[in-house]
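Chain A is the first sequence line, chain B the second, and so forth, proteins listed ahead of strands; every chain is numbered from 1.
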Protein chains: 2
Amino acid sequence: MTTMSAPRVTSADVARAAGVSRATVSFVLNDTEPGRVSETTRQRVRDAAARLGYVSHAAARSLRAGRSNLVLMPATQAAIGRLVSDWLDDLQQGLHRHGYTLVLHGGHDSDPVDLARSWAELRPAAVAVPGMQLTPAAVDLLRNAGVGVVLALSPEAVPGAYTVIFRHDEAGRLAVEHLAQRGRRRIAVVMPQERGLDLYAGQRLAGARQAAATHGVQITPVPLAYRLADAARLARSWHDSGWDAVFGYNDDYALLLTRALQDEGLDVPGDVAVVGADDLLVAQLARPRLTSIAFDTSSGAELAALIDRLIQQPGTEPGVLHTAAMRLVERDSS
Amino acid sequence: MTTMSAPRVTSADVARAAGVSRATVSFVLNDTEPGRVSETTRQRVRDAAARLGYVSHAAARSLRAGRSNLVLMPATQAAIGRLVSDWLDDLQQGLHRHGYTLVLHGGHDSDPVDLARSWAELRPAAVAVPGMQLTPAAVDLLRNAGVGVVLALSPEAVPGAYTVIFRHDEAGRLAVEHLAQRGRRRIAVVMPQERGLDLYAGQRLAGARQAAATHGVQITPVPLAYRLADAARLARSWHDSGWDAVFGYNDDYALLLTRALQDEGLDVPGDVAVVGADDLLVAQLARPRLTSIAFDTSSGAELAALIDRLIQQPGTEPGVLHTAAMRLVERDSS
DNA sequence: ATGAAAGCGCTAACAT
DNA sequence: ATGTTAGCGCTTTCAT
């Protein structure tokens with residue numbers, strides 16, 4: 001069998017096969033203008049389409065329509081954990097019901113404007129983006145390219161965009177406040193070294209610093225790569241450090257470090273109290289069970305409905321739409 | 001400030017602003033035909049584009065070009081775990097260097113053909129898909145729609161597609177063989193209840209069954225949802241079951257169940273030996289450290305180069321491209 | 001009830 | 001060195 005480039009089937013082919021015009025094909029397949037085409041023709045068109053294996057061309061459609069049905073998110077969101085991926089799943093289902101297709105854009109880029117440009121080229125109906133990647137110039141670019149809905153997931157209102165507030169600084173604040181109330185005085189804050197996490201980490205650290213100032217405790221940022229060896233290195237340095245607690249950035253890093261500290265002979269929480277964030281299920285599997293920061297966000301389905309509403313009503317003023325609540329879940333590691 | 005629909009800037013606008021034709025704009029911005037346009041005009045065009053905030057329209061380009069620069073993967077791949085998401089990151093970087101954009105398609109669909117259609121509508125340069133979602137009809141549809149490269153990640157060669165072999169059955173076989181050699185005789189196999197995992201789970205179970213037949217041990221599939229309560233329920237039923245080992249589907253489920261078994265007073269590996277799969281870092285954080293099945297796949301960068309080669313050489317015969325090796329990593333849980 | 005035709009934004013072959 | 005133009009596949013207004 002030789003591989004031959006398949007002949008592209010277009011709506012014109014379907015029209016020819018069914019003995020009708022392209023207009024009729026479009027009406028039938030999209031079910032617009034109901035009752036305009038007789039049932040017999042409809043059937044003939046559908047048969048022809050099925051027989052020829054016709055698949056509509058999204059690019060042509062959105063070129064004509066002036067907008068696509070794509071909703072774009074950066075894929076880094078998906079990497080955060082199982083919690084987020086369940087939520088994403090929910091979001092995708094909701095969007096699908098409203099006729100949109102959710103795609104996660106794989107691109108990373110150091111420059112927010114370059115990144116925004118590569119999103120804008122796809123002319124999505126909406127983008128939902130961590131606000132830290134949305135500089136004013138990036139927002140301008142997206143709006144200027146005709147992206148109707150720019151939704152920021154951000155610690156603070158992003159000018160020109162709809163914002164769902166995620167106070168990552170609040171996570172750091174809650175963690176440090178809790179540790180301070182437990183009598184801890186010298187608190188390390190994990191700064192993950194993996195790409196894409198530095199922005200969240202910076203926010204969380206800022207909140208930690210703020211709480212530290214209020215409660216008179218000391219904060220030290222400590223870099224940690226998500227590898228056993230690096231955790232072991234950090235744990236070895238613990239003995240001379242005087243740190244009696246650590247905010248682990250999130251549950252994954254917190255658990256990695258917990259294990260390394262234990263292997264180094266330190267007791268958790270006796271010698272070192274540990275707090276994570278994201279409240280993943282693994283936090284409850286560890287020994288000791290990990291204290292964590294949970295965030296109660298709106299469901300994916302709710303967000304999908306919201307996005308649809310914003311797309312339908314282009315006049316809506318930018319502003320804050322919702323604030324995700326942060327909450328400390330106290331367990332045995334602190 | 002009122003929200004007004006931004007005036008869409010097209011290449012014609014740029015041409016007008018720069019006082020040149022649309023063709024010249026295209027040549028300059030895409031850097032095709034070097035030396036055709038004088039340096040002064042180039043600069044004028046670039047200035048005008050920047051000043052107007054011009055962003056090219058991917059749909060129009062791919063309509064004209066007959067193909068897009070999108071490479072599509074189902075987002076379910078990304079949800080598998082940190083291992084996979086690092087690999088995806090690597091893949092995306094590689095594809096980006098070759099001029100492609102990786103997007104993860106959020107859609108789920110029970111019908112492989114419907115799913116394939118929604119991919120095909122985007123006319124991607126390539127799709128990379130778990131082979132279990134690629135029925136012959138789905139492959140036909142994709143090829144027929146002009147998708148040049150259909151890459152299956154599958155336990156066996158997929159007719160009409162390029163295949164990278166992932167022997168999920170091999171994971172089950174290795175796990176059960178190992179447990180049998182350790183003297184275990186009644187082995188439970190976790191069947192995760194979360195959507196999208198059943199296909200992998202079925203493959204892993206099939207391999208487990210095969211090894212069980214060879215080694216004369218008994219296999220029992222046990223459903224498990226990724227929740228504490230469900231793991232506790234399963235652990236409670238253990239006492240009367242007679243199972244002396246479990247293959248936990250993957251590391252996440254294995255660790256969830258391990259904790260529940262321990263809470264139920266069972267010793268791992270004394271009473272129950274546990275084997276996971278995927279060899280995530282968390283396997284090494286647990287107590288006891290979890291025995292797991294690692295798969296050594298080609299790097300994301302290598303796969304990106306391969307995809308690029310296949311796109312460039314449309315004549316290449318479909319067939320098996322590579323086989324990911326499966327390997328048991330023995331630790332303390334078995 | 002159906003068809004003809006314009007045009008979305010872009011690129012490349014063909015003029016000049 | 002630059003411009004003109006056809007046409008990618010689709011939808012939709014307007015005409016029949």
Between C/dA12 (C1') and B/Asp31 (CG): distance, integer Å
16 Å

Over how many whole Å does the gap from B/Leu29 atom CG to C/dA12 atom C1' extend?
15 Å

Strictly by modelled atom types, are A/Asp308 and A/Tyr100 linked by a side-chain donor-acceptor pair under 3.5 Å?
yes

Give me the bend of the helix from C/dA1-D/dT16 to C/dT16-D/dA1, using the axes of the five pairs at each end, rounded to 10°.
40°

Classify A/Ser62 by what it touches in the nucleic acid, base, sugar-phosphate, or nothing, heavy-atom distance under 4.0 Å.
nothing

Presence of salt bridge, B/Arg44 and B/Asp47, under 4.0 angstrom
no

Any ion pair linking A/Arg46 and A/Glu39 (charged N to carboxylate O, less than 4.0 Å)?
yes

Which nucleotides of nucleotides 9-16 of chain D have their base under 4.0 Å from a protein heavy atom (B), which only their sugar-phosphate (S), and which neither (-), written as one string 5' to 3'?
BBBBBB--

Non-hydrogen side-chain atoms of B/His57 and B/Thr10 separated by less than 4.5 Å
no

Among B/Leu104, B/Val129, B/Val127, B/Leu115, find the one that has a side chain to side chain contact (heavy atoms under 4.5 Å, CB included) with B/Pro74.
B/Val129

So A/Arg42 and A/Asp31, salt bridge (Lys or Arg N to Asp or Glu O under 4.0 Å) or not? Walk me through it.
CA-CA 10 Å; A/Arg42 299 175 83 84; A/Asp31 224 9; 2.7 Å; yes

Check for a donor-acceptor pair, side chain of B/Tyr162 on one end and backbone N or O of B/Thr316 on the other, with a separation under 3.5 Å.
yes

